[in-house]
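Please read the structure below before turning to the comments.
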Amino acid sequence: VLDAARNSVRIKVCYIMIALTLLGCLAMVITGKEAAKKDHTLLRMNEQKKAKWRAEVEKDQEAAAVKPQ
């Protein structure tokens, strides 16, 4: 009897996990589409981050070039 009860609980937990996974996926798709409409895509964010890094490197190089003189 205890084995049957454990198995039924495991099955219910699995169903709950499946449902939560599907809800999470749907939420991600919806938020991704909203972000794409606002032009907040991952590609755009990465481009801005890399541009910022390049600007910081250029400032560091300029500061290093000016320092020895």
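Residue numbers run from 1 in the order of the sequence given. Only heavy atoms go into these numbers, but all of them, side chains included; no hydrogens, no water, no symmetry mates.
Between the CE atom in M28 and the CG atom in L23 there is a gap of 12.0 Å [rounded to 0.5 Å]. To the nearest 0.5 angstrom, C14 atom SG is 6.0 Å from M17 atom CE. Remark: I16 CD1 to T21 OG1 distance equals 11.5 Å, nearest 0.5 Å. Separation of atoms CG (L42) and CG (N46) is listed at 4.5 Å; rounding is to 0.5 Å.
When E56, K50, R54 are each tested for a side-chain contact (heavy atoms from CB on, under 4.5 Å) with K52, only one passes: E56. Each of V13, I11, N7 was compared with V9 under the side-chain contact (heavy atoms from CB on, under 4.5 Å) criterion, and only V13 meets it.
Taking a cutoff of 4.0 Å between a charged side-chain nitrogen and a carboxylate oxygen, R44 and E47 qualify as a salt bridge.
The minimum heavy-atom distance linking H40 with M45 is given by the pair O-SD, 4.1 Å.
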